[in-house]
Amino acid sequence: MKRIYIKALLMSLLLGLNTACDSDYLDINTDPNNPTVADVNLALPAGQAQVAFIVGGQLNILGGVLAQYWTIPKGGNQYRSWDQYNITSSTLDGQGGQFVGMYAGALQDFQYVINQGSQQNEWRMVGISKIMKAYGFGILTDLYGDIPFSEALNADLTITPRYDAQKDVYAGLQTLLDEAKADIAKKQGRFPGTADMLYQAANEAGMDRWVRLANTLKLKFYLRLSQVDPTTARAGIQALYASSGTAFMQAGESLEFANGTVTNSENPFWQANFRLSNNLTASTTIGNLMAPNNDPRMPVYFLDADLRTPEIEYVFTPNGTTSTNTAQYTSYPGKYFIGQRFLNGTINGTSAGSGVTAADDNAAKARPVVLVAYEESLLLRAEAVARGWAGTTTDDPARLYNEAITASMARFGVQAGDYLTKPGVDYARQTDKIRAIITQKYLALYGLNGVEAWSEQRRTGFPSPTIPVVNLTGNQFMKRLPYVDSELQRNPNITATGIAPGDVLTPVWWDAD
């Protein structure tokens, strides 16, 4: 994990925190080589790296399975329990777990920068950390609903923080983002430069990217309330447009974490498939959306099922099948995502018949983690305008919709061709504009951010998933992740949520449909 190197540097600087000493500079207990306060430019990249590893790795896989991008091929078993809704309180918990990693790792790093940077007038890095803190808490509340928020990340206050209602968490996220914009507007402190592993902000233009990202996140968080509190959502979006105009993410400003080909620097989705190959194959849910419109992204998203015949044959699999009733050859995630990391029957990623090379493998390793995509930002704006919530903006939802699809095609190296004019895609022909927008967001997020796709699917119901063939929920859809063991065992305040241990069926607050 790329976080290890950065974290090691940070921890070496923090070792002195547990050693008491007086102010005498000659005190032999004071080690000048181990200061008691780490530089904030070490904590910031550590937090960013861990968020990218969590969101781009296991959460991407889990969200992709639950959103029905993927299911499990014949012979694959690693994620079959997820596919059948057998997700327990231990799934994302424990040492190396994503829940603990987000709270005790990434979010603590961002809070450290906020605490120390506020004292040192490092307002640029404080602002960035507040944006990242809002992003991380947004991921957690979308998965779990009510979460520790207002009392979290402050062990001096309490080690058993209260659980805030998701409605209050969402209000708090908006406040965090407003504070971040105000901090950045002070134009004080160092530019983080390479310590900012996402935008490498080395000047005011770089900081402007962070402000536009904050506006984009504010828009996303308001739209998340569309089904449960449209009044607040509309008012918030109108105010955002009135104050920011169209100052949202621009082309080339996707929030991405760069990866490499050196061991433990690779894309975390590739790493998962390297260690646990033959465990994901394409779901009929996404396949049946793309095939009727001959979506140009299909050869990038999916592999030819048998990898033998000249023509490409896609074989999609219903979610929740068992190994005994799954076809021998199915369509794995494309080489863009996993390179050579597949084993399909007797054909593997290094055979001549696969058409996949070592160069494809290196490209998949180095593919960035996408936390917020530019095309996602365009579709957020399209939805806001289509709902009539964007005030007097001159934004046109059809233009934004088409630009988003084109940007998605460009990301995967394909041409849109006549795709935009197909009856099932052409914005002007769609009777349900919101459904069209969300469907295109779902297609654009494939392989990039599965957890965001699952959240949007729960919010809107689009695209319609199917109940897994085998499931442990009595033929009901999963609506949340269960609270993790560490919280159930150590934080008595969890009882205030009213959510029983293991509950995956009670919708989170914003999931009103």
Side-chain angles (χ1 to χ4, degrees), residues 1-17 34-56 101-140 152-154 173 176-177 179-214 216-217 253-260 264-265 268 368-372:
M1 184 187 301
K2 57 176 57 66
R3 176 181 174 82
I4 293 174
Y5 172 71
I6 299 169
K7 198 66 174 180
L9 288 176
L10 180 60
M11 289 306 297
S12 69
L13 292 172
L14 291 177
L15 286 175
L17 287 176
N34 288 283
T36 58
V37 177
D39 196 322
V40 293
N41 67 1
L42 295 176
L44 176 62
Q48 291 178 334
Q50 185 150 27
V51 166
F53 194 85
I54 290 172
V55 175
M102 192 70 87
Y103 266 108
L107 289 173
Q108 282 287 1
D109 288 338
F110 299 138
Q111 190 62 49
Y112 180 84
V113 177
I114 293 167
N115 293 344
Q116 294 297 320
S118 296
Q119 298 174 26
Q120 300 165 4
N121 292 324
E122 294 281 9
W123 294 111
R124 291 185 172 97
M125 280 188 266
V126 169
I128 291 172
S129 293
K130 286 182 179 179
I131 294 169
M132 291 304 302
K133 180 180 173 181
Y135 180 87
F137 270 121
I139 295 290
L140 287 168
L153 312 179
N154 187 354
L173 299 181
L176 260 178
L177 292 170
E179 290 178 359
K181 290 167 61 178
D183 290 338
I184 292 172
K186 295 174 184 176
K187 298 185 178 182
Q188 295 179 22
R190 288 168 292 172
F191 292 106
T194 56
D196 171 14
M197 302 187 76
L198 300 175
Y199 282 146
Q200 294 82 47
N203 49 38
E204 292 298 348
M207 296 307 301
D208 288 344
R209 287 186 166 200
W210 280 102
V211 173
R212 288 190 288 271
L213 172 66
T216 301
L217 290 176
E253 293 184 353
S254 293
L255 189 69
E256 298 181 348
F257 187 92
N259 295 296
N264 290 328
S265 74
V369 169
V370 180
L371 300 176
V372 183

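Count residues from 1 along the sequence. All values derive from a computational prediction rather than experimental measurement.
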* Would a distance-only check, ignoring hydrogens and angles, find a side-chain to backbone donor-acceptor pair under 3.5 Å from Arg124 to Gly189? -> yes
* **Heavy-atom pair of closest approach, residues Leu177 and Leu217** => CD1-CB, 3.9 Å
* To do: Show your reasoning for whether side-chain contact (heavy atoms from CB on, under 4.5 Å) applies to Ser254 and Val372.
  => CA-CA 6 Å; Ser254 293; Val372 183; over 6 Å; no
* Asked: Do the non-hydrogen side-chain atoms of Leu107 and Tyr112 ever get within less than 4.5 Å of each other?
  -> no
* Identify, with sequence neighbours excluded, every residue that meets side chain to side chain donor-acceptor pair (under 3.5 Å) alongside Gln108. => none
* To do: Please round to the nearest 0.5 Å and tell me the distance separating atom NZ of Lys130 and atom NZ of Lys181.
  => 13.5 Å
* **Qualifying residues under ring pair (Phe, Tyr, Trp, His ring centres under 6.0 Å), relative to Tyr199, sequence neighbours excluded** => Trp210
* Asked: What's the spacing between Phe110 CZ and Phe137 CZ if we round to 0.5 Å?
  -> 11.0 Å
* To do: Could I get the full list of side-chain contact (heavy atoms from CB on, under 4.5 Å) partners for Asn115, not counting sequence neighbours?
  => Gln111
* **Exercise: identify the closest heavy-atom pair between Ser129 and Ile114** => CB-CG1, 3.9 Å
* To do: Can you measure from OG (Ser118) to CE (Met125) and round to the nearest 0.5 angstrom?
  => 12.0 Å
* Could you list the residues that satisfy side-chain contact (heavy atoms from CB on, under 4.5 Å) with Ala52, not counting sequence neighbours? => Phe257, Val369
* Asked: Under the 3.5 angstrom rule, does the side chain of Asp196 hit a backbone N or O of Ala201 as a donor-acceptor pair?
  -> yes
* **Lys186: salt bridge (Lys or Arg N to Asp or Glu O under 4.0 Å) partners, not counting sequence neighbours** => Asp183
* Asked: Is a side-chain N or O of Asp39 found less than 3.5 angstrom from the main chain of Leu42, in a donor-acceptor match?
  -> no
* To do: With sequence neighbours excluded, tell me which residues meet ring pair (Phe, Tyr, Trp, His ring centres under 6.0 Å) with Tyr135.
  => none
* Structure fact -> Note: Met207 and Pro192 closest approach over all heavy atoms is SD-CD, 4.2 Å
* Ala195 and Gln48: which non-hydrogen atoms are nearest, and at how many Å? -> O-OE1, 3.8 Å
* Asked: For Gln200, what residues pass the side chain to side chain donor-acceptor pair (under 3.5 Å) criterion, not counting sequence neighbours?
  -> none
* Structure fact -> Sorted by chain and residue number, the side chain to side chain donor-acceptor pair (under 3.5 Å) partners of Asn121 (sequence neighbours excluded) come out as Trp123
* Measure the shortest side-chain to side-chain distance between Glu256 and Leu371 over non-hydrogen atoms and say whether it is less than 4.5 angstrom. => no
* Asked: Looking at residues at least two apart in the chain, or sitting in another chain, which of them share a salt bridge (Lys or Arg N to Asp or Glu O under 4.0 Å) with Lys133?
  -> none
* Asked: Where do Pro368 and Ala258 come nearest, in terms of heavy atoms and distance?
  -> CB-CA, 4.4 Å
* **Side chains of Ser265 and Asn259 in contact at under 4.5 Å (non-hydrogen atoms)** => no
* Quick one: closest heavy-atom pair of Ile184 and Ile128, and the distance? => CD1-N, 4.5 Å
* Asked: Can you list the residues that meet the salt bridge (Lys or Arg N to Asp or Glu O under 4.0 Å) rule with Arg209, with sequence neighbours excluded?
  -> Glu253
* Does a side chain donor of either Asp109 or Gln50 reach within less than 3.5 Å of an acceptor in the other side chain? -> no
* Asked: Just how far is it from atom CG of Leu255 to atom CG of Leu198, taken to the nearest 0.5 Å?
  -> 4.5 Å
* Could you list the residues that satisfy side chain to side chain donor-acceptor pair (under 3.5 Å) with Gln116, not counting sequence neighbours? => none
* **Which residues share a side-chain contact (heavy atoms from CB on, under 4.5 Å) with Asp208, sequence neighbours left out** => Arg212
* **Worked check of side-chain contact (heavy atoms from CB on, under 4.5 Å) between Ile54 and Ile139** => CA-CA 10 Å; Ile54 290 172; Ile139 295 290; over 6 Å; no
